[in-house]
There are 2 protein chains.
Amino acid sequence: MTENYFLSENNIPYREFFHFGLSVDCVIFGYQNGQLKLLLIKRGADPFKGRLALPGDLVSIDEALDDSATRILKHLTGIDNIFLEQFQTFGSVVRHPAGRVVSVGYFSLVKSENYLPIASGWAETVDWVNISEAQELAFDHDEILAEAIKTLKRKVQTEPVGFELLPEKFTLAELQNLYEQILGSKFDKPNFRKKIMGINLLTPLEEIQENVAHRPAKLYSFNKEEYSRLKKKGLGSIFQNIE
Amino acid sequence: MTENYFLSENNIPYREFFHFGLSVDCVIFGYQNGQLKLLLIKRGADPFKGRLALPGDLVSIDEALDDSATRILKHLTGIDNIFLEQFQTFGSVVRHPAGRVVSVGYFSLVKSENYLPIASGWAETVDWVNISEAQELAFDHDEILAEAIKTLKRKVQTEPVGFELLPEKFTLAELQNLYEQILGSKFDKPNFRKKIMGINLLTPLEEIQENVAHRPAKLYSFNKEEYSRLKKKGLGSIFQNIE
DNA sequence: TCAAAAGTGTTCCGAATACACCCATGC
DNA sequence: GCATGGGTGTATTCGGAACACTTTTGA
């Protein structure tokens, strides 16, 4: 399929243009102990050997972009079976010392406790790092991360988030804390509860917290049907919809 | 900068991976005579010669992605000085007959009347086409267009739209029609007016319509400062924001 | 009995909705 | 005058925001 009889307008065979590298970088958010986390590797190979970096690698020539993201993440961290979503592509000229590499950013949300990463490939170590400590990353990964965080904040406003990050059973305070962590602000407790209970999203369980030095909180789980329905449909709109 | 002493983990020099083509495709929305339009070229070269297609071409190896989109659009259509925004990257394996080409989608909104496109390069013709007639495009451009329309609908909900599409002076009915065209639904006139006037977005002019067989409508223009402020800040949020 | 966090209720206000109605123009 | 679309006012409902209050636990 790489035949070169197609000519571009200045009579250069198309193949002459085919000297790009293509990579994928994965921004994997987790949540544990009330902290928003990020999955980072320490690079065991040049360039940027020893630096923290997003899990990412070059795409193979016969591999679809989405498949590549899944493969690379599994290969570097052992993490598998998660939903990776493309969010932005980074294409400045000098982002990689080995040549012209354009990188496609993918992001995902997972329960970090369920995914103990195992370093392999050229990853020296892999760890869940607090968001605030994810700085001075390799390549332009600081920029990629910043864009991923913007995307996450936007998503939180328009679709439900939490099922992917929280354990099976959780308290309303934990859910509220998660939202506060992501958006970097505080909410009024009574109003948060009312709003979240207003949509039919949570299923109250017959269980409560144990061994806490205060009134134990009720546990909830997500109503999966309603959750995925709202994922698709979204949470609100600016303009009324008559029809 | 394309030295090959960096080795990937299986000892293949990085350069061996550098066989991707990279392209840019532009989805340019316009608006004229109450119709949402799309800028399409008829391809004058293989592959897909004679088919309608989004303006797009291969990126040069030493050219940043955003710059490339601007250059390619200008080269094919003569259109210049517009804001192009990246929205999604398309990376399935078989989208281009000449080899593995990954394409980055860009989109923009313009006043079609201000941009009379002139075909050049391998574009045989360039025209503003009604959205509904943009079908069976070359390559996977149907899919790219579908994603661009989704993006546009999402944008309309979260930031002001219209300054880029409407003429300098316009009526409230025209603005409402634009929103209805984009979202594919009808709004209540009094409520639309109240909502749009509630934000300090429009400047009423001392002019009215002429030669219409009914009460002439007042003309408005956009308040540019407030418009760009709301572009950045957004229009609403689901959760309250306490500091 | 006290601290700490869970959980509830109530009031206020502004925005969204659904209408009914009036106004200016060309024919 | 009348058809046509422009433009306004209002009553009602709903949801967000603010905040006071009660409840349950461990120590």
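Numbers restart at 1 for each chain; the letters A, B, ... are given by sequence-line order, proteins then strands.
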Please state how far atom [atom1] in [X] lies from atom [atom2] in [N], giving the value in whole angstrom units.
X	N	atom1	atom2	value
Glu174(A)	dG7(C)	CD	P	11 Å
Glu210(B)	dG6(D)	CD	P	16 Å
Arg215(B)	dG6(D)	CZ	C1'	5 Å
Ile208(B)	dA24(C)	CD1	C1'	9 Å
Leu172(B)	dG6(D)	CG	C1'	9 Å
Leu219(A)	dA5(C)	CG	P	17 Å
Asn211(A)	dG26(D)	CG	P	8 Å
Phe187(B)	dG7(D)	CZ	P	18 Å

Can you confirm whether more than 12 heavy atoms, excluding those of [X], are under 6.0 Å from its [atom1] atom?
X	atom1	answer
Glu168(B)	CD	no
Glu113(A)	CD	yes
Lys111(A)	NZ	yes

Within the modelled atom types, does a donor on one side and an acceptor on the other bring the side chain of Lys189(B) and the base of dG6(D) under 3.5 Å apart? yes
Which nucleotide, [options], lies nearest any side-chain atom of [X]?
X	options	answer
Lys195(A)	dG5(D), dG7(D), dG16(D)	dG16(D)
Ala217(B)	dG6(D), dA6(C), dT17(C)	dG6(D)
Pro216(A)	dA6(C), dT25(D), dG7(D)	dT25(D)

Quick test: give all pairs of protein nitrogen or oxygen and nucleotides 9-14 of chain D nitrogen or oxygen below 3.5 Å, distance rounded to 0.1 Å.
| from | atom 1 | to | atom 2 | distance (Å) |
| --- | --- | --- | --- | --- |
| dT10(D) | O4 | Lys194(B) | NZ | 2.4 |

Take the angle between the ring planes of Phe139(A) and Phe48(A) and call it parallel below 30°, perpendicular above 60°, tilted in between. tilted
Residue pairs meeting side-chain hydrogen bond (donor to acceptor under 3.5 Å, both in side chains), one or both in residues 137-153 of chain A, sequence neighbours left out, come to Asp25(A)-His141(A), Arg95(A)-Asp140(A), Glu147(A)-Lys150(A)
Would you check if Asn81(B) and Thr70(B) make a side-chain contact, meaning some heavy-atom pair closer than 4.5 Å? no
Please tell me which of Arg193(A) and Val212(B) maps to the more 5' nucleotide of DNA chain C, matching each residue to the nucleotide holding its nearest heavy atom. Arg193(A)
As a test of understanding, state which of Phe163(B), Phe222(B), Tyr31(B), Tyr220(B) forms a ring pair (Phe, Tyr, Trp, His ring centres under 6.0 Å) with Phe170(B). Phe222(B)
